[in-house]
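Every heavy atom of this structure was used, including side-chain atoms; hydrogens, water molecules and symmetry mates were not. Lettering follows sequence order; numbering is per chain, from 1.
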There are 2 protein chains.
Amino acid sequence: MTKWTYSFGGGAAEGDASMNDLLGGKGANLAEMSGLGLPVPPGFTITTEACARYGANTGTRPPGLETQVRDGIAFVERLSGAVFGDPDNPLLVSVRSGSRVSMPGMMDTVLNLGLNDRTAGGLARRTGNPRFAYDSYRRFIQMYADVVMGVDPYLFEEALAHARDEKGVDLDTDLDPDDLLRLTATYRSIVRSQAGEDFPDRPEDQLWGAVGAVFRSWTNRRAVTYRRLHDIPDSWGTAVTVQAMVFGNMGPDCATGVAFTRDPSTGEARLYGEYLVNAQGEDVVAGIRTPVPVTGNGGAGSMDEVMPEVYRELLAMRDRLETHYRDMQDMEFTVQNGRLYMLQTRSGKRTTQAAIRIAVDLANEGMISHEEAILRVDPGALDQLLHPTLDPQAERRVITTGLPASPGAVSGTVVLTADEAERRSHDGEQVILVRQETSPEDIHGMYAAQGILTTRGGMTSHAAVVARGMGRPCVCGAGRIHVDQEAGCFHVDDITVRAGDWITLDGSSGDVMLGRVATAQPRQSDEFATLMDWADTCRRLGVRANAETVEDARTARDFGAEGIGLCRTEHMFFEAERVVAVREMILASTEEQRRAALGRLLPMQRTDFEALFRVMQGLPVTIRLLDPPLHEFLPHTDDDIAELAEATDIPVELVRRRTAELRETNPMLGHRGCRLAISYPEIPEMQARAIFEAAVAVASDSAAAVIPEIMIPLAATRREIETVKAVVDQVAETVFAEAGARIDYLVGTMIELPRAALRASDLAESAAFFSFGTNDLTQTTFGISRDDAGGFLRTYQERGILEQDPFVTLDAEGVGELVDLGARRGRAVRPGLKIGICGEHGGDPASIAFCERADLDYVSCSPYRVPVARLAAARAALENR
Amino acid sequence: MTKWTYSFGGGAAEGDASMNDLLGGKGANLAEMSGLGLPVPPGFTITTEACARYGANTGTRPPGLETQVRDGIAFVERLSGAVFGDPDNPLLVSVRSGSRVSMPGMMDTVLNLGLNDRTAGGLARRTGNPRFAYDSYRRFIQMYADVVMGVDPYLFEEALAHARDEKGVDLDTDLDPDDLLRLTATYRSIVRSQAGEDFPDRPEDQLWGAVGAVFRSWTNRRAVTYRRLHDIPDSWGTAVTVQAMVFGNMGPDCATGVAFTRDPSTGEARLYGEYLVNAQGEDVVAGIRTPVPVTGNGGAGSMDEVMPEVYRELLAMRDRLETHYRDMQDMEFTVQNGRLYMLQTRSGKRTTQAAIRIAVDLANEGMISHEEAILRVDPGALDQLLHPTLDPQAERRVITTGLPASPGAVSGTVVLTADEAERRSHDGEQVILVRQETSPEDIHGMYAAQGILTTRGGMTSHAAVVARGMGRPCVCGAGRIHVDQEAGCFHVDDITVRAGDWITLDGSSGDVMLGRVATAQPRQSDEFATLMDWADTCRRLGVRANAETVEDARTARDFGAEGIGLCRTEHMFFEAERVVAVREMILASTEEQRRAALGRLLPMQRTDFEALFRVMQGLPVTIRLLDPPLHEFLPHTDDDIAELAEATDIPVELVRRRTAELRETNPMLGHRGCRLAISYPEIPEMQARAIFEAAVAVASDSAAAVIPEIMIPLAATRREIETVKAVVDQVAETVFAEAGARIDYLVGTMIELPRAALRASDLAESAAFFSFGTNDLTQTTFGISRDDAGGFLRTYQERGILEQDPFVTLDAEGVGELVDLGARRGRAVRPGLKIGICGEHGGDPASIAFCERADLDYVSCSPYRVPVARLAAARAALENR
């Protein structure tokens, strides 16, 4: 016979905390506490398996369930000394749901079950508190009628209001026991007329009605939606816990409250909680009375003063539970006639700051290991500690919400063009650049701005990627905003925001607010530093940063990056003085003209690399050769074309024609990456020269040289790598001969096309390292352009077609198979091949966990994500052990 | 000791035809003929392995080679009765190259080797023909000095001209033996002064010089280039054949010639050849005299009349060689003093028409099997039989050459817009549409035009794909053409062609010609039909066609298609009357408006499908739901926008905004395929309804219903398929209920994204069939947009980075792995899953061979490629046995 029920109480239990899946979180922890000998009102839990077997529509009960429930009630009767339905000493129970994972408020609960006219009378007599008894009865009818019988609770509220009016009082508490008793009769007649049947009097009927309703509530609409959103299988089902009621509202020696074993906001190691004397849990929730801290500093009414005995007992519970669970607990308790009952305990929710402090403290207290401490902190949540946040007290007026593309909160005045952003920023103004979308031409403005807001594009659109790289807060794809460039403003519905107006962005939530909202600066605690140290000793994966400026490189190093995993050389091309040379290079009709323009770029690139190499001394720096299609550098509007023609002395017509010629239907799949290097070998030649000259110069006057790792983008075949590598190697030899000095360097490739992953064994013949460019690899594997995904990717997520945005979290089963296969095939040919990833996924904890499983060597991410990646890498290593 | 030389002659040989790799084509066939007892001058072949071991720069000979060559010469001396260097009876030899595959004219040859002052005198005496002897000597010095010693042949020509001038004659033949003898002395002094050493007198020295030169010629520049272009490994090397000279120029009983065992142009079974009396092979090549047919119809000087005895012998050789080689042969022969010598035989080159006739005739003659007949015809070459070709006699003025995108030759007057094409075509004019590139908006014009010429885009650009589908000749990517829309003309360098001027396109070669060039209409022979029947009995792969119009479907059926593998429904949307409804649908702001517009499209689509289903009765028709991004249907220019606003009564501003909103950065990776069907389920709903209503109607009044196979494009996940399939299935049930009748149908998916192939096991859970869309799969696997590949793909092929255009021939090792893996994973979940391919590769023989190996069920290609596919499928099946 299947065991459907598990009892607990009296210092023992049939279940324990390990049976979470079968008994639900609540049931398992009640059993655990009871087993520990903690004062838990007796009860039993009906398993989730029973839920799965329960006929939600027919009410069919699995064989044996009825008997076991009857035995369970008998057990509770035995321990509580009360009897279900006994008019003199009635047993009242609560019936609560509890699934494997917390689904707060999603399912139903029935309290005070067991009351009817007769038992209510008995309760009144036995407690000597008829008001309490009839009020409980009234509440029970309302709750039961709502949950089990589907009667609109509003009708009861109306009847209650009517009773108050009749009596001419304002508060429910002004109704006397007789009023309440009369009210229960009214309630019962409401039930009869609404539900078409009588309110059940027999406690057994009440119980089965409630159990069935809780089971059914697993499939109610809000629970189903919640599960879809949180990816919880429908098959899990809910358990039902039936437990003897205890009352915190029977008099001044009664109370109810909630306490955390440590401060959930700061992590400080002290009992932190609130309670109410002579109250029920409901009262706290309903906000009718304001709860009082359990621990006062001489404060009035705190528990340590009002009921010091019980308080000491609660402190003991705190120690007991923390020692037992080895984590901060969130406890619910009730005091009935001076006696403390524990009603729930669970791991307490906490801020990230608190999570870090608690984890480090618990480890230092010897309660958990360093490894466990690492596993206790969600790496993704670290982000909020590394960026300014909105002052939680500050008022805010949110006008729309876009995608939280780059974290941090920031205020500034609206500017609508990159040039304007640069100009105003030079004047010391704090600006926010608002664009429909950004392009590489906007880089200088993005750099000058404090924050970026776009109306199109997703989490990995140009704006998002660049903003994260720069550590600028960014909200993307705020589609309800319409930018009107000509009028110099933008609209959200009927709100108009003009250039120069202040707005505030929260890049962590995607909120866009009017005006200046106060922000708080981030501060990393000592515990943070300790935890990061522990993480570094645990992790196997290296952590590098994507950076091209000295400032970014320094940030990355400060955050603990072990090198640069991706330096996008084209980002160095956009500064005003050099973009002209870049454009001349592109517009050149002959190789000679092109070489002349490249010659002007060489010293600038060399200077950039030298500065970068000095910051990164002793660490590897991975430099990607020019990647984007050339037309990205060309002007688009007639004015810009005219300006460029003027600046370069090239006829307008030629500029226009060349721009048109270079235009591509699908630039992402066009003439870019190593395809450029092969068409115009003089470009990689110049870039290689700049790199080697800079590296030789830095090596000559510093102890720790960098190791340049030159990376060939967008290769699909070995021949492409060979062709470009030959150019690079030849330049290296020339530079070394000129300088009379050699340095170590590597030439490797990005793996960002499915074919590159498939043919990794070919590619590894020529490439000394691999770096998976998972942004592009995701684009090509899915056939989704990041820039155009806005139109459907959100629909896909909302409708559950994709669980995650594959540009945020690496699609392990599709793109991931290619990464895995590419890594294995590459290493089969070149054992020990160094393999990293440098897409946006490099800073995403779930993706980092994948990289650990795939045995990659390092991840590379935005400088501001480096701590996230360090912690995530440690976690992944521990989970993978 | 390695055997480096293989002798032949005297009715025996050490080698045979199977040793092609070791002895080269020439050496192996000489050995074979000799072994058969045919009259072959004795000789020996130095192996390709010796070439590989020969030090090209140092002249180092592998150990043992010298001895074996000496033995070889002794063998030739023995059989010929002449002695190398003997002043009375000198042996002369030829030294020729011969590699595994024919590399015509790429490597060097030396004739008459063995001559010096003394042996030349001996030859003169022995032949009694001093003119012949000294002329041979003169020629030998010149050839040897050129090939072996690197002396410019022009110097010898000059000396020869000087000798003629001195004597005051015009022709070389007017020089007498003494003149020639004097000339040899002059030649030797030229050698001395140019090469800095004496011309070698010792025949042994001459021989080693010539052998070394032939070996070295394997690595000369033109040979290396040729190999790269034809994908021949450098490691193969060349063999060298040393053979006793025979002379066709020793008198009127001598001759030299070439003959085919069957007519290489028509395939007719008759000896077909040309010869010259008293001549050397050189004379034929140099065109000094015009050769005479070997078989005359009473014609003057034909061989059957001039030397009937030898002619009969040659006829006997023909039978002997055909019976032996079981194929049409191309023979070289020399007659010396009335005696026939065979100098070479090889499989003869032939036209496709001849290839078919010869293969069918040989099979009917019992010489080869039907299977062998199939293997004898190159399926790719069939194309030329299915389309008009240029009259080979007609004069042509080629102004530029683009990509041969869709075969066939055609003339017409130039039009520069689709509308103009339609207008003029209506007026009965034959037009050629010339565009920078085409888009779906041009479809009506492409249909109206006789041929299409574009200046951008590759073999699988829109123009190319559509033109092939329609069977219109097309030249693509003719980059030297600049179209000037405003001036109504196009330019190629300094040539201007105006709208209305006649041009001619050859879509098989890519040539663009001025004026009207006469063309010949295709005609399929009886042998063609026979061969196709044989092919059908051999092949395993089904062959379907890509078609959406009744006309195309009929063509496809006539060519033997077994169903439609791809009906692109969007092609039905572009006709003038319906594009307005399509645009209204796109511009709709609400679902209601969209449904109204779709309601207008429904009857049109239903009519289309009904007509298509009637043509294809009894066969499957695979229909792809709407695939391209919606903006492809929207107008782009201001005028078009205004016109549309007028036609639809939608404000210009809204049209403009919506058009801008729908614009995508990378439309190929954008909001298209099933992403549209998921965003706007009313679209697949309408399409499904049109399909089912049409299918039910056709089924009701015909014996053989079609089986609609509805195909969901661009899926990457199973959920996408489930979502769209649910819509289709529901419509099906509704239509069947309305009609009171059911039909069979399938819902499957395209596999055109790497992720779809990787997750094929998921997809096969919901999809009843797979169709690999290898165009898109190639684009995403390689990360190359077909539309933008023009800029670098040709460079890639020229530089050998890619051996083939992956859009023409399926990249077996990259894209192919995904196809293979997708097919295997799909079938693992759904055994017997029907799998086809419907990309452009479906008509490419090499790709079809891949499909056979990957065990796909069918290929689908343009209607005009169906015969190609049938033959290629048969070949692939045979080769795979």
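When the candidates E437(A), E722(A), E813(A) are compared by the number of heavy-atom contacts under 4.5 Å with chain B, E813(A) comes out ahead. Residue with the most contacts toward chain A among A716(B), G783(B), G814(B): G783(B) (heavy-atom pairs, distance under 4.5 Å). Ranked by non-hydrogen atom pairs under 4.5 Å with chain A, the options A789(B), G800(B), A756(B) are led by G800(B). Each of P667(A), G670(A), A757(A) has some count of heavy-atom pairs under 4.5 Å with chain B, and the biggest count is that of P667(A). The most heavy-atom pairs under 4.5 Å with chain A, out of M668(B), E752(B), R718(B), come from M668(B). Among L676(B), L793(B), L662(B), D811(B), the residue making the largest number of heavy-atom pairs under 4.5 Å with chain A is D811(B).
For Q797(A), the CD atom counts as densely surrounded, since its 6.0 Å shell holds more than 12 non-hydrogen atoms of other residues, nucleotides or ligands. In this structure, E765(A) places its CD atom where more than 12 heavy-atom neighbours from other residues, nucleotides or ligands lie under 6.0 Å away.
Proximity of a side-chain donor or acceptor of D787(B) to a complementary backbone N or O of T665(A) within less than 3.5 Å is not detected. Judged purely by atom type and a 3.5 angstrom limit, R719(B) has no side-chain atom pairing as donor or acceptor with the backbone of L802(A). Of the possible polar contacts, one joining the R799(A) side chain to the I678(B) backbone as a donor-acceptor pair under 3.5 Å is found. Checking side-chain atoms of D788(A) against main-chain N and O of E664(B) turns up no donor-acceptor pair under 3.5 Å.
Shown here for S679(A) and F792(B), the closest heavy-atom pair between the two residues is OG-CB, 4.3 Å. Scanning all heavy atoms of the two residues, the minimum distance from R663(A) to R456(B) falls at O-NH2, 3.2 Å. Scanning all heavy atoms of the two residues, the minimum distance from Y796(B) to C674(A) falls at OH-SG, 4.0 Å. Residues F782(B) and R755(A) come closest through the heavy atom pair CZ-NE, 3.1 Å. The two residues P754(A) and T780(B) make their nearest non-hydrogen contact at CD-O, 3.4 Å.
A distance of 5.5 Å separates CG of L669(A) from OG of S785(B), quoted to the nearest 0.5 Å.
Within the 4.5 angstrom heavy-atom criterion, no atom of D776(A) approaches chain B. The contact between A660(A) and chain B is made entirely by backbone atoms, counting heavy-atom distances below 4.5 Å. Only the side chain of E817(B) comes within contact range of chain A, with heavy atoms under 4.5 Å apart. Both the backbone and the side chain of T781(A) have a heavy atom closer than 4.5 Å to some heavy atom of chain B. For chain A, the nearby part of D762(B) is the side chain; its heavy atoms alone come within less than 4.5 Å.
The side-chain heavy atoms of R675(A) and I784(B), taken from C-beta on, include a pair separated by under 4.5 Å. Looking only at side-chain heavy atoms (C-beta outward), I801(A) and T717(B) come within less than 4.5 Å of each other. Considering only heavy atoms from C-beta on, L818(A) comes within 4.5 Å of L758(B) through its side chain.
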